[in-house]
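First up is the structure itself, then whatever we jot down about it.
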Amino acid sequence: MKRTVIKSTGRYVPPRVVTNDDLAKWMDTSDEWIRQRTGIEQRHWIPEEGGVGSSDLALEATKIALDRAGWTPADIDLIIFATLSPDIFFPGPGCLLQHKLGLNSTPALDIRQQCTGFIYGLATADAYIRSGLANRILLACAEVHSTGLDISTRGRDVAVIFGDGAGVVCVEGIETDQDVGVLASSLHANGEFAKSLMVEAAASRLNPRISEEMLREGRQYPVMDGKTIFKEAVRSLPDVSREVLQKAGLSLEDIDLFIPHQANMRINQFFQQSLKVPEDKVFHNIQRYGNTTAASIPIALDEALEMNIVGDGSTVIFLALGAGLTWGAVLMRLGG
Ligand code: ACO
């Protein structure tokens with residue numbers, strides 16, 4: 001039977017570290033407030049002068065993942081790129097990454113599912129592989145948030161949360177009788193909450209797409225109704241975990257590690273308490289990276305593998321909720 005496995009992982013974050021104390025120099029905030037509300041201690045941002053896009057961060061993580069998989073760029077049948085912060089408005093970063101890899105006809109698909117980008121990307125890769133449309137897929141997830149944040153006190157509720165970074169996985173279809181790879185996935189969305197977390201401008205529905213007045217009002221920056229996001233996350237994430245477990249005929253005790261999107265430490269602690277799973281079964285690294293949105297789960301997986309917290313044979317659930325709203329989970333047995 002055809003199974004979709006993760007052959008290798010890679011991560012890359014830009015070298016510039018921005019601590020909570022650094023943020024306190026630019027806005028009215030404090031290390032204590034940020035740690036208490038989000039768990040974040042520092043994040044990595046691209047250089048202040050810019051010049052580095054999501055596709056550049058993804059390229060560095062891709063080189064590591066390809067090397068570990070023993071693939072060359074020519075082995076890739078399809079690139080799936082997940083981001084909410086594309087290098088430019090269009091074309092999407094999948095094409096930019098493809099070119100940087102020295103390829104000129106490999107298909108490249110961009111998806112815009114924000115924090116749920118890795119989950120949608122992995123479920124899509126699984127569908128391509130099972131249908132026989134592709135067998136070796138590069139799933140690249142990367143974000144450059146720092147150039148789009150209001151780092152004055154006006155934007156402090158959002159700006160303190162986000163970090164830049166990339167996480168990449170090489171996904172492959174294998175023929176096996178073993179119960180490995182993607183065992184179940186569930187995807188959801190509810191556009192009713194689109195305004196709860198969004199960047200409004202520049203927007204094609206506006207003419208002009210952005211004006212000086214809008215820039216002055218800060219409408220080019222993300223706005224977030226933090227309480228709604230929190231409420232929806234702590235409701236949906238346990239539900240979608242139970243849903244994938246039921247689809248796969250497994251129970252909570254069968255899971256070695258939950259790797260949630262690193263949105264906010266408190267959301268993931270609520271999740272752990274609500275499912276009544278041991279604390280060490282839920283992975284956290286938001287302390288060091290902040291919220292890297294689409295990249296957060298593959299970065300976390302890469303670290304969990306490096307730390308030997310999981311390995312071949314481990315059963316894991318990846319799960320996320322993000323802007324859209326979108327949410328979902330993938331249940332997977334690693335190895336194969
Ligand atoms: N530093 C200091 N004070 C701040 C900051 C800051 N960075 N941001 C907001 N405040 C102030 C507010 O102005 C407010 O002051 P006031 O009482 O004088 O009006 C006070 O702190 C409390 O603000 P709240 O918004 O009520 O703070 P809350 O406890 O809700 O925490 C937070 C805000 C952390 C955003 C919370 O709502 C939350 O965790 N939401 C979940 C959203 C989330 O995690 N998003 C991540 C990105 S989305 C995703 O990945 C799914």
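Atoms within each ligand, like the ligands themselves, are counted from 1 in listed order. Positions are given from 1 along the sequence.
Atoms of ligand 1 lying under 4.0 Å from any heavy atom of L197, numbered from 1 in the order shown and given with element: 48 (S). Interface atoms of ligand 1 facing R266, defined by a heavy-atom separation under 4.0 Å, are 36 (C), 39 (O). Atom numbering of ligand 1 starts at 1 in the shown order; those under 4.0 Å from a heavy atom of V160 are 7 (N). Ligand-side atoms of ligand 1 in range of C115: 49 (C), 50 (O), 51 (C), range being under 4.0 angstrom from any heavy atom. Near D157, the atoms of ligand 1 lying under 4.0 angstrom from a non-hydrogen atom of the residue are 8 (N), 9 (C). Less than 4.0 angstrom separates some heavy atom of F230 from each of these atoms of ligand 1: 38 (C), 39 (O), 40 (N), 41 (C).
Ligand 1 lies within reach of H261, whose nearest heavy atom is under 4.0 Å from it.
Looking only at protein heavy atoms, the nearest one to atom 23 (O) of ligand 1 is W33 CZ2, 4.4 Å. Protein heavy atom in closest approach to atom 1 (N) of ligand 1: T29 OG1, 2.6 Å. Of the protein's non-hydrogen atoms, the one nearest atom 22 (C) of ligand 1 is R37 NH2, 3.7 Å. Regarding atom 35 (C) of ligand 1, its nearest protein heavy-atom neighbour is M224 CE, 3.6 Å. Among all non-hydrogen protein atoms, the one lying nearest atom 11 (C) of ligand 1 is R156 NH2, 3.5 Å. If you check which protein heavy atom lies closest to atom 51 (C) of ligand 1, you get L321 O, 3.0 Å.
Heavy atoms from other residues, nucleotides or ligands lying under 6.0 Å from CD of E306 number more than 12. Within a 6.0 Å sphere centred on CD of E212, other residues, nucleotides and ligands contribute 12 heavy atoms or fewer. In the displayed structure, K247 atom NZ is contacted under 6.0 Å by more than 12 heavy atoms of other residues, nucleotides or ligands.
Distance check for atom 32 (C) of ligand 1: every protein heavy atom is found at 4.0 Å or beyond. For atom 16 (P) of ligand 1, no protein heavy-atom neighbour is found at a distance under 4.0 Å. In this structure, atom 28 (P) of ligand 1 has protein heavy atoms in its sub-4.0 angstrom surroundings. Under the 4.0 Å distance rule, the nearest protein heavy atom to atom 19 (O) of ligand 1 falls outside the cut-off.
Electrostatic pairing of E41 and R35 counts as a salt bridge here, judged by a charged N lying under 4.0 Å from a carboxylate O. Taking the charged nitrogens against the carboxylate oxygens, D164 and R16 have no contact shorter than 4.0 Å, which rules out a salt bridge. Under the 4.0 Å criterion applied to side-chain N and carboxylate O atoms, E232 and R235 are assigned as salt-bridge partners. Using a cutoff of 4.0 Å between basic side-chain nitrogens and carboxylate oxygens, K25 and D21 are not scored as salt-bridged. Salt bridge R136/D77: absent, no basic N to carboxylate O contact under 4.0 Å.
At a heavy-atom cutoff of 4.0 Å, ligand 1 is contacted by no atom of I34, backbone or side chain. When heavy-atom distances to ligand 1 are checked against a 4.0 Å cut-off, I229 comes that close only through its side chain, counted from C-beta outward. When non-hydrogen atoms are compared, ligand 1 lies under 4.0 Å from the side chain of N291 (C-beta onward) but not from its backbone.
Separation of atoms CG (L334) and CG (D256) is listed at 8.5 Å; rounding is to 0.5 Å.
Polar contact with ligand 1: present for G226 (N/O pair, distance under 3.5 Å). Between K227 and ligand 1, at least one N/O pair is under 3.5 Å apart. Ligand 1 has an N or O atom lying under 3.5 Å from an N or O atom of N264, backbone or side chain.
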Apply salt bridge (charged side-chain N to carboxylate O under 4.0 Å, His left out) to residues K100 and D56 and explain how you reach the verdict.
CA-CA 8 Å; K100 286 170 185 165; D56 298 307; 2.8 Å; yes
Please walk me through it: do W26 and S152 pass side chain to side chain contact (heavy atoms under 4.5 Å, CB included)?
CA-CA 6 Å; W26 307 318; S152 72; over 6 Å; no
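F283 and L252 are members of different hydrophobic clusters when ILVMFWY side chains are connected at heavy-atom separations under 4.5 Å.
Ring centroid separation for the pair F258 and F271 comes in under the 6.0 Å cut-off.
A donor-acceptor pair is defined here as one N or O able to donate and one able to accept, closer than 3.5 Å; no such pair exists between the side chain of Q42 and the backbone of V17.
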